[in-house]
Amino acid sequence: MVALDGPSGTGKTTVARRLAERLGAGYLDSGAMYRVVTLAVLRAGADPDDAARVTEIAGETVFTIGTSPDSPLVTLGTEDVTAAIRGNDINQTVSAVSAIPDVRRLLIDRQRTIITEVLAETGGVVVEGRDIGTVVAPDAPLKIYLTASAEIRAARRSAQDSAAGRESTPADALASVNRRDHLDSSRATSPLRPAEDAVHVDTSELSIDQVIVALAELAGRRG
Ligand code: C5P
């Protein structure tokens, strides 16, 4: 198992999926779970800061998270929400939802169950998130903490948004990335931080291919 943590815009999702493909492993995007619950909260018209109501929605929401690295489909009920969970409305609200301890407990339980299932099926899994190496799977044999400068992360996020047809300038993306990182790092329950035994990889000056080669080598030794 590989635990891949770090802030947004470090190339984490692309790296995690390509690494999983290369290793013949499964893939779990833990952030997609917080996003799908956030979508359910917004659709219910609930206040994202109302911890009791949000926890209730998180407990009732029926969703699936695909674990195939080439097409990880996310559904809410029977609806394909793979694209909808990447919208700006979700980016704005997801940190409030993910800061609620009971929501985290529910989703972390589910993450651990999925990890066990995928490991049983494929023998390997790459899990991406913010607290995988610190909280979800502290025994993971390989923990990676990806970083990149804020400017590079904002430029990547803006390019991703434009490619997906969402309006975004690098300045908007920078503000959004900084805001979310601040909220994710400063929350009381499982804040974004590297595990003590994580290998730090700064992706600012590296291509995705270079990152994959470096991580596959580490996984070969330790994963
Ligand atoms: O990785 P992604 O940007 O999709 O994550 C969306 C949000 O979900 C993060 O900004 C964070 O608030 C939350 N998250 C989390 N713990 C994780 C993964 C994501 O709190 N393991």
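This chain uses plain numbering: 1 for the first residue, then up along the sequence. As the structure lists them, so they are numbered: ligands from 1, and atoms in each ligand from 1.
- No part of Met33 comes within 4.0 Å of ligand 1, judged by heavy-atom distances.
- Summary of contacts: the protein heavy atom closest to atom 14 (N) of ligand 1 is Tyr34 CD1, 3.6 Å.
- With Ile212 as reference, Arg22 is the one residue of Arg22, Glu21, Glu217 to meet the side-chain contact (heavy atoms from CB on, under 4.5 Å) rule.
- Short contacts between ligand 1 and Asp131, defined as distances under 4.0 Å to a heavy atom of the residue, involve ligand atoms 16 (N), 17 (C), 21 (N).
- Within the 3.5 Å criterion, the main-chain N or O of Val177 finds no donor-acceptor partner in the side chain of Arg153.
- Residue-environment remark: NE2 (His200) exceeds the threshold of 12 foreign heavy atoms within 6.0 Å.
- Counting protein heavy atoms only, atom 1 (O) of ligand 1 is closest to Arg130 NH1, 2.9 Å.
- In Glu205, the CD atom is not crowded: 12 or fewer heavy atoms of neighbouring residues, nucleotides or ligands sit closer than 6.0 Å.
- Heavy atoms of Gln111 found under 4.0 angstrom from ligand 1: none, in either backbone or side chain.
- Ion pairing between Asp5 and Arg130 fails under the 4.0 Å rule for side-chain N and carboxylate O.
- Those atoms of ligand 1 that come under 4.0 Å of a heavy atom in Ser30, given as number and element, are 17 (C), 18 (C), 21 (N).
- When only non-hydrogen protein atoms are considered, atom 16 (N) of ligand 1 lies nearest to Arg104 NH2, 3.0 Å.
- Of all heavy-atom pairs spanning Leu174 and Ala150, the tightest one is CD1-O, 3.5 Å.
- With respect to atom 4 (O) of ligand 1, the closest heavy atom belonging to the protein is Arg35 NE, 2.6 Å.
- Taking a cut-off of under 4.0 Å to the non-hydrogen atoms of Val94, the atoms of ligand 1 that pass are 7 (C), 8 (O).
- Under 4.0 Å is where a charged nitrogen must lie from a carboxylate oxygen, and between Glu117 and Arg112 no such pair does.
- Every atom of ligand 1 with a heavy atom of Arg86 under 4.0 Å away is listed here by number and element: 4 (O).
- Rounding to the nearest 0.5 Å places CZ of Arg157 at 5.0 Å from CD of Gln160.
- When each atom of ligand 1 is checked for a heavy atom of Ser98 under 4.0 Å away, the hits are 11 (C), 12 (O), 13 (C), 20 (O).
- Using a 4.0 Å cut-off between a side-chain N of Lys or Arg and a carboxylate O of Asp or Glu, Asp29 and Arg86 qualify as a salt bridge.
- The side chain to side chain donor-acceptor pair (under 3.5 Å) search around Arg180 returns none, not counting sequence neighbours.
- Counting heavy atoms under 4.0 Å from ligand 1, residue Arg180 touches it through the side chain alone.
- Among protein heavy atoms, atom 19 (C) of ligand 1 sits closest to Gly31 CA, 3.5 Å.
- In summary, the atoms of ligand 1 found under 4.0 Å from a heavy atom of Gly129, numbered by their order in the structure, are 18 (C), 21 (N).
- At least one heavy atom of Lys12 sits under 4.0 Å from some atom of ligand 1.
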